[in-house]
Enquirer: 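First the structure, then my questions, so here it is.
Lettering of chains follows the sequences in order, A, B, ..., and the numbering in each one begins at 1.
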Protein chains: 2
Amino acid sequence: MLYSIIETLKKNQLSITDSRKKILEMFVKTKGALAHADIEHQSGTEFDRVTIYRTLQTFVEKGIIHTIPTADNSVRYALCKEECSEGHHHDDHVHFMCDDCGTTYCLDKISVPHLNLPNGFTASQTDVVVSGKCGKCN
Amino acid sequence: MLYSIIETLKKNQLSITDSRKKILEMFVKTKGALAHADIEHQSGTEFDRVTIYRTLQTFVEKGIIHTIPTADNSVRYALCKEECSEGHHHDDHVHFMCDDCGTTYCLDKISVPHLNLPNGFTASQTDVVVSGKCGKCN
DNA sequence: AAATATTTTGCAACAACGTTGCATTGTATT
DNA sequence: AATACAATGCAACGTTGTTGCAAAATATTT
Ligand SMILES: [Mn+2]
Ligand SMILES: [Mn+2]
Ligand SMILES: [Zn+2]
Ligand SMILES: [Zn+2]
């Protein structure tokens, strides 16, 4: 399946800029997730820190990427599947973070389990983050 | 069940100091979880920011409190059950964060479900964080 | 294609959060 | 009570993220 960067930006009514193209390209070419710092390092001095923050924010709002909760409370991002749209994320899959190589995976095929909450509690979102060793490191 | 602050500190070979006593007391008296900022506010100018950071660190290392991963990537802490010890946490329960009142609950009775990971992946820890409305806010 | 309107970017300044080194103070031990 | 040891407060610093605004880039209109 091919992913058109320009199409994605247009579809979301975002103007086509260098930073948006390159940052989105990084996500498309990466299996795992990316942190702000990863993008900053990969792009060198090409973009300002602030631009990267703003680009990530915009992508999250538009449903192009989603944030991943991690055990160490660092922020990571990964591409959304096509079902996500502005203000409506549907990334209800399990995330995996390798203790060895640090790679964060979206386990798209493993959906988050249903839980019986205590009386009076209602859920709007459930995040599952698994830590351990990934396929490469095992 | 009663919780002796002094006993807990002694059991973990920690010297008995004002900050440790008062901060641990806050956790014992609180149903939910506490953030660094909560402790700072509740204690006024009594302790330095750094002391609070170091006390929380020490308590986590000793297995007295555990950190709670949250959807918004803020750091929270809650009391551990007695099974936890230095370097060995066993807080495998579900956490709940109320979107309305912000309270974070340890749902001790709901243990994290077992998941079938992809081939080659092994889990060392699974964190489940549910967001939604709590009993009070529903 | 050029002119205009709109968005995005880079910079600077700031705020929140967290860490480290070291002298001072407090706790434990003899 | 004297000594040894550990924790605290302070200052200084680093990292992460935000905001306002002028300059630059992109989109739209003529
Ligand atoms: Mn994901
Ligand atoms: Mn808990
Ligand atoms: Zn790995
Ligand atoms: Zn609530």
Enquirer: Identify the two heavy atoms, one from B/Cys98 and one from B/Cys137, that lie closest to each other, and give their separation to 0.1 Å.
Expert: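 In terms of heavy atoms, the two residues are closest at SG-SG, 3.8 Å.
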Enquirer: Between C1' on C/dA16 and CG on B/Asn73, what's the gap in Å once rounded to a whole number?
Expert: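 Interatomic distance, CG of B/Asn73 to C1' of C/dA16: 15 Å.
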Enquirer: Separation of B/Tyr77 atom OH from C/dC17 atom C1', in whole Å?
Expert: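 Interatomic distance, OH of B/Tyr77 to C1' of C/dC17: 11 Å.
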Enquirer: Rounded to the nearest Å, what distance is computed from the NE2 atom of residue A/His36 to the P atom of nucleotide C/dC17?
Expert: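 So the two atoms are 18 Å apart, to the nearest Å.
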Enquirer: Between C/dG10, D/dA11, C/dT8, which nucleotide gets closest to the side-chain atoms of A/Leu14?
Expert: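 Nearest nucleotide to the side chain: C/dT8.
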Enquirer: Reckon B/Arg20 touches a base, only the sugar-phosphate, or nothing at all at heavy-atom distances under 4.0 Å?
Expert: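 Answer is sugar-phosphate: B/Arg20 comes under 4.0 Å of backbone atoms only.
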Enquirer: Once you round it to whole Å, what is the distance between C1' of D/dT28 and NZ of A/Lys10?
Expert: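 In whole Å, D/dT28 C1' lies 14 Å from A/Lys10 NZ.
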Enquirer: Give the rounded distance in Å between these two atoms: CG of A/Asp72 and C1' of D/dT15.
Expert: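 From A/Asp72 CG to D/dT15 C1': 14 Å.
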Enquirer: Quick one: label A/Gln13 by what it contacts on the DNA or RNA (base, sugar-phosphate, nothing), any heavy atom closer than 4.0 Å.
Expert: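 Answer is nothing: A/Gln13 stays at 4.0 Å or more from every strand.
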Enquirer: Do any side-chain nitrogens or oxygens of B/Gln57 fall under 4.0 Å of OP1 or OP2 in C/dT19?
Expert: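 For C/dT19, OP1/OP2 do have a side-chain N/O of B/Gln57 under 4.0 Å.
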Enquirer: In whole angstrom, give the distance that lies between atom CG of B/Leu56 and atom P of C/dC17.
Expert: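 Result: 14 Å.
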Enquirer: Please check the phosphate of C/dT8 (OP1 and OP2 only) for any side-chain N or O of A/Ser15 closer than 4.0 Å.
Expert: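 True: A/Ser15 side-chain N/O within range (under 4.0 Å) of C/dT8 OP1/OP2.
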Enquirer: Do A/Lys21 and A/Glu25 meet the salt-bridge criterion of a basic N to acidic O distance under 4.0 Å?
Expert: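 Judged by the 4.0 Å cut-off on N to carboxylate O distance, A/Glu25 and A/Lys21 do not form a salt bridge.
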Enquirer: Is a salt bridge present between A/Asp99 and A/Lys133, judged by a nitrogen-to-oxygen distance below 4.0 Å?
Expert: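 Salt bridge: no.
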Enquirer: So, for A/Phe96 and B/Phe121, is the gap between ring centers shorter than 6.0 Å?
Expert: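 Between B/Phe121 and A/Phe96, which both carry aromatic rings, the centre distance is below 6.0 Å.
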Enquirer: For the side chain of B/Arg49, starting at C-beta, report the closest nucleotide among C/dG18, C/dT9, D/dA27.
Expert: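 Looking only at heavy atoms from C-beta outward on B/Arg49, the closest nucleotide is C/dG18.
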Enquirer: Measure from CZ on A/Arg54 to P on D/dT16 and round the result to the nearest Å.
Expert: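 It is 18 Å, rounded to the nearest whole Å.
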Enquirer: Between B/Val75 and A/Asp18, just flag the one whose closest nucleotide in DNA chain C comes earlier from the 5' side.
Expert: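 The residue mapped nearer the 5' terminus is A/Asp18.
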Enquirer: Expressed as a whole number of angstroms, how long is the span from A/Ile52:CD1 to D/dT16:C1'?
Expert: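 After rounding, the reported distance stands at 13 Å.
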Enquirer: So that I know where these two stand, are A/His36 and A/Tyr53 an aromatic pair - ring centroids less than 6.0 Å apart?
Expert: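 Yes, they do, as the ring centres are separated by less than 6.0 Å.
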Enquirer: Would you say a side-chain N or O of A/Thr51 is under 4.0 Å from OP1 or OP2 of C/dG10?
Expert: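 Yes, within the criterion.
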